There are 2 protein chains.
Amino acid sequence: MKIGEAARATGLSAKSIRYYESLGLVQSLRRDNGYREYDSAAIQELNLLARARRVGFSLEECRYLVSLLNNQSRHSADVKQQVLQKVAQLDEQLVHLTQMRNTLLELADRCQGDEGPECAILQDLSSANTGMRFTLVEDENG
Amino acid sequence: MKIGEAARATGLSAKSIRYYESLGLVQSLRRDNGYREYDSAAIQELNLLARARRVGFSLEECRYLVSLLNNQSRHSADVKQQVLQKVAQLDEQLVHLTQMRNTLLELADRCQGDEGPECAILQDLSSANTGMRFTLVEDENG
DNA sequence: CTTGACCTTAACCTTACTGGAAGGTTTAGT
DNA sequence: ACTAAACCTTCCAGTAAGGTTAAGGTCAAG
């Protein structure tokens, strides 16, 4: 298999495959003309890279997963732990994105959204960020 | 205000402030010794940048928000639309991350997680990804 | 007079690629 | 045999949003 076929087979771009090779994540044989050649074991590795990337693993994490794939004395517990750790990371991200989303919705709710220039959103975002839910008010004895 | 104070006041790093200036997102006056000087209007812009970044706006989107902040004939509807568009983007991301998370949990469920090398996760990830729930079948009339 | 805390610019590192330049190879068609 | 399309090769540059380090100027205190 040449790189273009390998790309179509795995859903990666040829560019990405060369990039992964430059990082030592996969190897390729070479034909006499210099073209890269991929066998079924290489295609397996590329599939792992493609799919692991799609579910959120970084290339360094993929490097570890590929090493496990090629290690016949691996423990499946190590693979599982890596996956569950990634789930925990995604959960953190989800919490963060949800907070951002809710903040934006609260801001949008307080904005008229008309032809006028007064805008609660801009007022809020451009003022000092206390991070507080309540506003400080001046004392009577100032 | 010097850049360090401005940084502490807004929660940005001095480095980021210089970077934003290099992109033309904010301006600064200069003292005789070359130090940057920030007035309250500049601090407002920096606050907008800091907080807009935190809720997910890109620097290019921030550029637009700053231009609205400085445009007295703006329409608050434009600000609101930008915010709601960002909410929609975050919603897309949330869907995507949630799918990734669920895929990973399904994979983890099918893995023993023991000392042995057999691992449903690696098997799944390294095999061809149809990504399909249904398989394409050839037409009778070709 | 020196130390420490500031400030300045410039240049490189990061992640995970994508695009393009400049050129070699193969294949199909005429 | 010639040519054009469709492959392939390497290398260089750029993206977002800064962080890090280097090398040096400025300023206040002790």
Side-chain angles (χ1 to χ4, degrees), chain A residues 1-39 42-43 45-66 86 89-90 93 96-97 100, chain B residues 1-39 42-43 45-66 86 89-90 93 96-97 100:
Chain A
M1 253 181 162
K2 289 187 291 185
I3 197 169
E5 303 169 76
R8 281 186 292 274
T10 60
L12 294 167
S13 69
K15 277 278 193 193
S16 297
I17 296 177
R18 290 195 197 95
Y19 179 60
Y20 296 163
E21 181 177 328
S22 80
L23 298 181
L25 291 175
V26 267
Q27 273 112 316
S28 62
L29 301 167
R30 294 296 180 123
R31 297 184 181 178
D32 287 351
N33 58 14
Y35 287 16
R36 289 172 176 82
E37 177 67 25
Y38 297 91
D39 59 14
I43 296 297
E45 293 183 14
L46 291 175
N47 271 324
L48 176 57
L49 287 167
R51 304 202 55 198
R53 291 288 299 126
R54 271 180 230 131
V55 292
F57 287 102
S58 73
L59 287 184
E60 278 315 304
E61 289 160 345
C62 287
R63 185 190 297 279
Y64 178 54
L65 291 176
V66 169
K86 180 57 61 180
Q89 279 177 27
L90 291 176
Q93 276 190 56
H96 189 204
L97 288 183
M100 287 166 28
Chain B
M1 255 182 161
K2 288 188 291 185
I3 196 169
E5 303 170 77
R8 281 185 292 275
T10 60
L12 293 168
S13 69
K15 188 70 189 145
S16 296
I17 296 176
R18 291 194 197 96
Y19 179 58
Y20 296 164
E21 180 177 328
S22 80
L23 297 181
L25 291 175
V26 267
Q27 273 114 314
S28 62
L29 302 167
R30 295 294 182 124
R31 297 184 181 177
D32 287 349
N33 58 12
Y35 287 16
R36 287 172 177 79
E37 177 67 24
Y38 297 90
D39 59 14
I43 296 296
E45 293 182 15
L46 291 175
N47 271 322
L48 177 56
L49 286 167
R51 305 202 54 198
R53 291 287 299 125
R54 269 179 232 134
V55 292
F57 287 102
S58 72
L59 288 182
E60 277 316 303
E61 289 162 344
C62 286
R63 186 191 296 280
Y64 178 55
L65 290 177
V66 169
K86 180 56 61 181
Q89 279 177 29
L90 291 176
Q93 277 190 60
H96 189 205
L97 288 183
M100 289 167 25

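Lettering of chains follows the sequences in order, A, B, ..., and the numbering in each one begins at 1. Heavy-atom basis, side chains included; hydrogens, waters and symmetry copies ignored. Please read all numbers here as calculations on a predicted model, not as lab measurements.
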Open item on the list: Working note: Lys2(A) + Arg36(A), criterion side chain to side chain contact (heavy atoms under 4.5 Å, CB included); need CA distance, chi angles, decisive distance, verdict.
Closed with: CA-CA 6 Å; Lys2(A) 289 187 291 185; Arg36(A) 289 172 176 82; over 6 Å; no
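- Residue Glu5(B) qualifies as enclosed at atom CD: its count of foreign heavy atoms under 6.0 Å is above 12.
- Rounding to whole angstrom units, CG of residue Leu23(B) and P of dG18(D) are separated by 9 Å.
- What separates CG of Asp32(A) from P of dT9(D) is a distance of 14 Å, to the nearest Å.
- Between Ser13(B) and dG19(D) there is a side-chain polar atom (N or O) within less than 4.0 angstrom of OP1 or OP2.
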Open item on the list: For nucleotides 8-16 of chain C, give me one character per nucleotide, 5' to 3': B if any protein heavy atom sits under 4.0 Å from the base, S if the only such contacts are to the sugar-phosphate, - if neither.
Closed with: BBBB----B
- [ ] List the steps and the verdict of side chain to side chain contact (heavy atoms under 4.5 Å, CB included) for Gln93(B) and Met100(A).
- [x] CA-CA 12 Å; Gln93(B) 277 190 60; Met100(A) 287 166 28; over 6 Å; no
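- Residue Ser16(A) places at least one side-chain N or O under 4.0 Å from the OP1 or OP2 atom of dT18(C).
- Atom CD in Glu21(B) sits about 18 Å away from atom P in dA17(D), given to the nearest Å.
- Summarising the geometry, the separation between CD on Glu37(A) and C1' on dC8(D) is reported as 13 Å, rounded to the nearest angstrom.
- Under a 4.0 Å N-O distance rule, the pair Arg63(B)/Glu60(B) qualifies as a salt bridge.
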Task: Candidate pair Leu46(B) and Val26(B), rule side chain to side chain contact (heavy atoms under 4.5 Å, CB included), full reasoning - done: CA-CA 7 Å; Leu46(B) 291 175; Val26(B) 267; 3.9 Å; yes
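- Between the P atom of dA17(D) and the CG atom of Leu49(B) lies a distance of 12 Å, rounded to the nearest Å.
- Taking CZ of Arg31(B) as the reference point, atom CG of Leu29(B) lies at 10.5 Å (rounded to 0.5 Å).
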